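Notes follow the structure.
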Amino acid sequence: MENRKERKITARNLDDREFFYGHKGCPGCGGSLAVRLALKVLGEKSFAVLPAGCMSAIGFVFPQMAFSCNAMISTFAGTASMLAGVAAGARALGLEGIHAVGFAGDGGTADIGLQALSGAIDRHDRIIYICYDNEAYMNTGVQKSSLTPTGARTTTSPVGNRLRGAVTPKKQMFEIVAAHGIDYAATASVGHPLDYLRKVEHASRVEGTSYIHVFAPCPVGWGHDSAETIEVAKAAVDCGLLYLAEYTGGGFILNHDPGEFSSIRDYLLGQGRFRHLGEEEIEAIVAQRDSRWQRIRREWRT
Ligand SMILES: Cc1ncc(C[n+]2csc(CCOP(=O)(O)OP(=O)(O)O)c2C)c(N)n1
Ligand code: SF4
């Protein structure tokens, strides 16, 4: 259910004040782009909740606090429950036009924070939950999460004679939240900023729970040049390993079909974390992509 007026987002009508200004992120950090872009849409009347992770570590360095909206650090597992509390408190105080928005990493979302998120969706709490997916626990030194893709080298999925990086497939968080019957969910990429901004704007009008899963490359953990973050974020969409989609009104919408995919091999071998992969392993990843897209093209609306 939505009752707010849509605001068409363009590069010109974005707020030019920085709501995540002076953060201590590494050069080329995709996660910090995801936070900044979202807060440009949601504005100063936001209450941001961040669990342990890179974005809280780089955003709350006293006395150089990067947020100019209200922002707090939650327990690692409790982003969504704390957001629910913020939304309830704002309602009790009669505050209007505010946004309770969470920014959690893939570990804080798909592993440790999943229970609280599931509860919030079940209650249709009016919150916006943004998972910036850098595909590992980066802040503590690149450990594997359940969103680390198959084959990726991390410190807990190493590469040697016997192990070839992560052995489990990436958990499908977008489909998992959709299976709850969530009010609104979307996937996005920092390589497609206008698409992401539109989705954040849409989420800001949803009278219920919104979840946005934004792909956010991390040069440190992925082993690419810091100047290549946007290219990598675009290439993931072009080669079909990431799809841009929404779940709304109980159905899936595919926002962008690349048609002919670009090379998965080039995408993978451009990153240090995948450079050990051989042809057979790459072929297996291509086959997984193809079977997923067969289903998406058959079942989702465009
Ligand atoms: C309960 C608890 N367990 C472990 C930690 C240590 N810890 C802090 S940040 C972090 C990694 C977070 O990873 P992720 O959620 O993927 O976010 P990222 O660091 O990649 O931004 C961990 C394990 C903690 N703070 N609290
Ligand atoms: S380690 Fe990665 S996610 Fe963390 S601040 Fe650096 S670039 Fe960003």
Side-chain angles (χ1 to χ4, degrees), residues 18 20-39 48-61 64-67 71-83 101-118 129-149 152-157 166 168 170-174 176-177 188-191 196 211-233 236 270-274:
E18 296 290 355
F20 195 49
Y21 182 75
H23 67 72
K24 303 294 182 288
C26 316
C29 173
S32 59
L33 277 178
V35 178
R36 284 182 56 185
L37 289 170
L39 289 176
V49 175
L50 295 93
C54 275
M55 292 310 113
S56 52
I58 69 173
F60 293 81
V61 185
Q64 296 150 320
M65 305 287 278
F67 291 86
M72 70 188 95
I73 300 182
S74 70
T75 57
F76 203 1
T79 312
S81 42
M82 209 133 156
L83 284 169
V101 56
F103 296 101
D106 45 286
T109 299
D111 298 338
I112 193 163
L114 190 53
Q115 179 180 351
L117 174 60
S118 177
Y129 189 111
I130 298 182
C131 170
Y132 61 93
D133 185 6
N134 54 29
E135 302 195 318
Y137 290 81
M138 292 308 179
N139 187 55
T140 37
V142 196
Q143 291 86 23
K144 181 198 173 301
S145 79
S146 59
L147 294 188
T148 301
R153 178 202 292 261
T154 70
T155 52
T156 50
S157 57
T168 49
K170 187 176 168 81
K171 214 184 246 184
Q172 300 297 306
M173 267 307 295
F174 173 61
I176 289 170
V177 297
S189 166
V190 296
Y196 174 49
Y211 174 88
I212 300 181
H213 195 101
V214 55
F215 188 75
C218 163
V220 175
W222 294 17
H224 60 77
D225 196 275
S226 56
E228 290 169 359
T229 294
I230 298 300
E231 292 312 312
V232 171
Q271 300 169 46
R273 62 180 176 155
F274 292 121

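Ligands are counted one by one from 1 in listed order, and the atoms in each one are counted from 1 as well. FYI, side chains are in, hydrogens and waters are out, and symmetry mates aren't considered; it's all heavy atoms of this structure. Keep in mind that what you see is a predicted model, and the values were worked out from it rather than measured.
With rounding to the nearest 0.5 Å, the separation of CG in Asp106 from CG in Asp111 is 7.5 Å. Annotation: the span from Leu117 atom CG to Cys131 atom SG amounts to 9.0 Å, rounded to 0.5 Å. Residue Ile73 holds its CD1 atom at 11.0 Å from OG1 of Thr79, rounded to the nearest 0.5 Å. How far NE2 of His23 is from CD of Gln64: 13.0 Å, rounded to the nearest 0.5 Å. To the nearest 0.5 angstrom, Leu33 atom CG is 10.0 Å from Ser189 atom OG. To the nearest 0.5 Å, atom OG1 of residue Thr154 and atom CD of residue Gln143 are 7.5 Å apart.
Shown here is Gln115, whose CD atom has no more than 12 heavy atoms of other residues, nucleotides or ligands within 6.0 Å.
With a 4.0 Å heavy-atom cut-off, ligand 1 is reached by no atom of Cys218. When heavy-atom distances to ligand 1 are checked against a 4.0 Å cut-off, Tyr137 comes that close through both its backbone and its side chain. Only side-chain heavy atoms of Asn134 come within less than 4.0 Å of ligand 1; its backbone N, CA, C and O stay farther off.
For Ala77, the closest heavy-atom approach to ligand 1 does not fall below 4.0 Å.
Considering both main-chain and side-chain atoms, Ile112 never comes within under 3.5 Å of ligand 1 through any nitrogen or oxygen pair. The shortest N/O to N/O separation between Gly108 and ligand 1 falls below 3.5 Å. Ligand 1 has no nitrogen or oxygen under 3.5 angstrom from a nitrogen or oxygen of Ala52. In terms of N/O distances under 3.5 Å, ligand 1 is approached by Asn139. In terms of polar-atom proximity, Cys54 is counted as a contact of ligand 1, with an N or O under 3.5 Å from an N or O of the ligand. Below 3.5 Å of separation, one finds an N or O of Gly107 facing an N or O of ligand 1.
Within the structure, the side chain to side chain donor-acceptor pair (under 3.5 Å) test picks out no pair touching residues 221-233 (sequence neighbours left out).
Counting heavy atoms from C-beta outward, Tyr196 and Ile212 have side chains that approach closer than 4.5 Å. Using a 4.5 Å heavy-atom cutoff, the side chains of Arg273 and Pro149 are in contact. A heavy-atom distance below 4.5 Å is found between the side chains of Cys29 and Met55.
The ligand atoms of ligand 1 that sit less than 4.0 angstrom from a heavy atom of Tyr132 are 17 (O), 18 (P), 21 (O). Listed by number with element, the atoms of ligand 1 under 4.0 angstrom from any heavy atom of Ala136 are 16 (O), 20 (O). Residue contact check: Thr140 has heavy atoms under 4.0 Å from atoms 7 (N), 8 (C), 10 (C), 11 (C), 22 (C), 23 (C) of ligand 1.
Between Lys170 and Asp133 there is a salt bridge, since a side-chain N of the basic residue sits under 4.0 Å from a carboxylate O of the acidic one.
What sits closest to atom 2 (C) of ligand 1 on the protein, heavy atoms only, is Phe76 CD2, 3.4 Å. Remark: minimum distance from atom 17 (O) of ligand 1 to any protein heavy atom is reached at Gly105 CA, 3.6 Å.
Around atom 8 (Fe) of ligand 2, the protein contributes the following N, O or S atoms at distances under 2.8 Å: Cys29 SG.
Looking only at atom types and distance, the side chain of Tyr129 has a donor-acceptor partner in the side chain of Thr109 under 3.5 Å away.
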